[in-house]
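Single-structure report; data block below.
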Amino acid sequence: MADTTIDFQEWTSHHVRRFRRRLLHWFSAHRRDLPWRKDRNPYAIWISEIMLQQTQVATVIPYFERFLARFPDVHALAQATEEDVLQVWAGLGYYRRARQLHTAAKQLVAQTNGRFPQRVDQLQQLPGIGRYTAAAIASQAFDVPAGILEANTQRVYARLLALEGDPRRGLAQRILWQFAERLHAVGEGKAGELNQGLMELGSLICSPTSPACTRCPVADQCSAQRNGDAAAYGTFSRRPRVTELHHAALLIRRGNRWLMRQNDAHQWWTGLWDFPRIELPAELATAAGRSSPSVKGRHQPLPADVAAKLQELAHASYTLSCRPHHLVGRLTHSVTRFRIRLQCIVAEGHRIRLAHLPGQWKWVEPSAHSLPFTSTARRITQQILT
DNA sequence: AAATCGGGGAT
DNA sequence: ATCCCAGATTT
């Protein structure tokens, strides 16, 4: 590696040992009873780590339980269809994770009969596994002494070192990865416990805005704490501004089924099913909702000019012939830096032939979602179509 | 280095 | 309302 090595001054072997000893002791008393901590099954640890990418523990738990029940081992996952996998994943977000998980499972079965490699560099070859996830799996499943750096440990290390600035920026990342490895360099084993303890500390004690330094087992080894204000370190610089978008979902019924389409590879929610959506120009967005404020359960007729414009847009986007006529609800949701205001509009379909529409379309019963629905499609079926 | 990719918990 | 979350990958 071309990086210059940083000596971390006070972090001598002795200092690291003391830190590890106290952290491991604290962790043994405070570790949460999380479902992926029942044993050291690399498959379960792998699934949990992928689900936990940019996703909070509380959100992951029910998805993890359902996923393991449905796909108990790597062979079951490899044999599933991608749609099966997405169906269990639906609602969790970042759907590329699910597709890559499925691809990796098939690779593992084909290449090693489903056995997991133990080395970080080997794990990192698998799709969806980067440096953090490879180190997390190797350390937790096999006690490989590999440092980790993620949301919790970025903050914890930055505070231990009193590192100024955004811990995600380039130079800081190099320093923090080196520090992560330094904590494993004393050769005392328990790599998995150490890494989980570090994250648990970041989650339970060393929180973003109000770190509980009085309860911290390693406070006296923390430079930020000694400087008097731990919360001043390890924080992020401002995020990009939120951009507001306006979409319309067209709700088109035939009998007790509704027209839905599958998002393709160059769209949001790739592979998931949703009602056909149209992006609305700003002037139309305000016009569509101008009739009156939203009243729950009340259907509002669309102004004629708005209905005509929506009809045009539906045809331009999908060659879909329909006559939009009522606004039946509004939802707001977000995709990364966008906030989408979604108007749900019932339309009358006109001689719709699925085979003539671009991409994958189906008439779907909303109650029986065996298909992977987007979260908004689920909300629409539950709140608006009932 | 910056942009992309979701959805919800916590404050 | 806003910030943030056991990141990886592409541009």
Side-chain angles (χ1 to χ4, degrees), chain A residues 31-32 34 36-37 45-64 86 89-101 103-104 123-140 146-157 166-174 177 180 192 194-204 206-210 231 234-244 263 265-272 274 331-340 342 372-379:
Chain A
R31 76 181 273 151
R32 289 172 292 179
L34 302 175
W36 46 89
R37 287 180 174 166
I45 291 169
W46 172 48
I47 302 301
S48 75
E49 288 299 339
I50 300 297
M51 287 188 169
L52 286 161
Q53 288 170 3
Q54 293 293 286
T55 309
Q56 295 181 181
V57 167
T59 304
V60 165
I61 288 172
Y63 284 89
F64 176 85
L86 283 173
W89 201 276
L92 195 54
Y94 287 142
Y95 298 100
R96 186 173 61 178
R97 294 182 295 175
R99 294 193 300 276
Q100 290 178 319
L101 199 62
T103 302
L123 286 162
Q124 207 171 339
Q125 300 304 312
L126 292 164
I129 299 186
R131 182 170 178 183
Y132 161 73
T133 305
I137 296 169
S139 62
Q140 291 175 43
I148 55 163
L149 186 62
E150 41 66 72
N152 292 298
T153 44
Q154 276 173 11
R155 192 170 55 248
V156 170
Y157 304 160
D166 189 331
R168 296 172 300 184
R169 76 187 202 282
L171 175 60
Q173 285 285 299
R174 285 201 292 282
W177 271 113
L194 178 63
N195 283 341
Q196 291 182 76
L198 287 163
M199 293 188 283
E200 203 83 328
L201 186 73
S203 176
L204 300 181
C206 197
S207 66
T209 56
S210 53
T235 56
F236 301 157
S237 44
R238 292 195 77 74
R239 300 207 318 171
R241 205 96 202 116
V242 173
T243 300
E244 190 157 300
N263 291 293
H266 52 81
Q267 298 179 297
W268 284 331
W269 312 290
T270 303
L272 275 77
D274 199 356
L331 299 175
T332 300
H333 64 115
S334 58
V335 181
T336 61
R337 48 177 272 263
F338 299 94
R339 176 167 48 242
I340 302 170
L342 176 65
F373 280 12
T374 63
S375 287
T376 47
R378 197 172 297 258
R379 288 168 67 189

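Residue numbering restarts at 1 for every chain, and letters A, B, ... go by the order of the sequence lines.
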What contact category does [X] fall into here, base, sugar-phosphate, or nothing, at under 4.0 angstrom with non-hydrogen atoms?
{"X": "Trp89(A)", "answer": "nothing"}
{"X": "Leu149(A)", "answer": "nothing"}
{"X": "Arg241(A)", "answer": "nothing"}
{"X": "Gln100(A)", "answer": "sugar-phosphate"}
{"X": "Ser48(A)", "answer": "nothing"}

| field | Gap in Å between the two P atoms, one belonging to dG6(B) and one to dT11(C), rounded | value |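 Going atom to atom, P in each nucleotide, I get 15 Å.
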
| Whole-Å P distance, dA6(C) and dA3(B) |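 Those two atoms are separated by 24 Å.
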
Do the side chain of [X] and the main chain of [Y] share a donor and acceptor less than 3.5 angstrom apart?
{"X": "Arg168(A)", "Y": "Phe236(A)", "answer": "no"}
{"X": "Asn195(A)", "Y": "Ala136(A)", "answer": "no"}
{"X": "Ser139(A)", "Y": "Ala135(A)", "answer": "yes"}
{"X": "Glu49(A)", "Y": "Leu52(A)", "answer": "no"}
{"X": "Glu200(A)", "Y": "Arg32(A)", "answer": "yes"}

| field | Contact letters for nucleotides 2-11 of chain B, in which S counts primed atoms plus P, OP1 and OP2 and B counts the base, heavy atoms under 4.0 Å | value | --SBBBBB--

| query | How do Leu126(A) and Gln140(A) order along DNA chain C: which one's closest nucleotide is nearer the 5' end? | reply |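 With Leu126(A) and Gln140(A) compared, the 5'-side residue is Gln140(A).
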
| Quick one: on DNA chain C, does Arg32(A) or Gln124(A) contact a more 5' nucleotide (nearest heavy atom)? | Arg32(A)

| field | chain A contact limits on DNA chain C, taken 5' to 3' with a cut-off of 4.0 angstrom to heavy atoms | value | dC3(C) to dT9(C)

| request: Under the salt bridge (Lys or Arg N to Asp or Glu O under 4.0 Å) rule, collect the residues that match up with Arg241(A), sequence neighbours excluded. | output: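 Per chain and number, Arg241(A) pairs via salt bridge (Lys or Arg N to Asp or Glu O under 4.0 Å) with no residue.
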
| said: Tell me if the aromatic rings of Trp269(A) and His333(A) count as close, with their centers under 6.0 Å from one another. | reply: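 Under 6.0 Å, so yes.
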
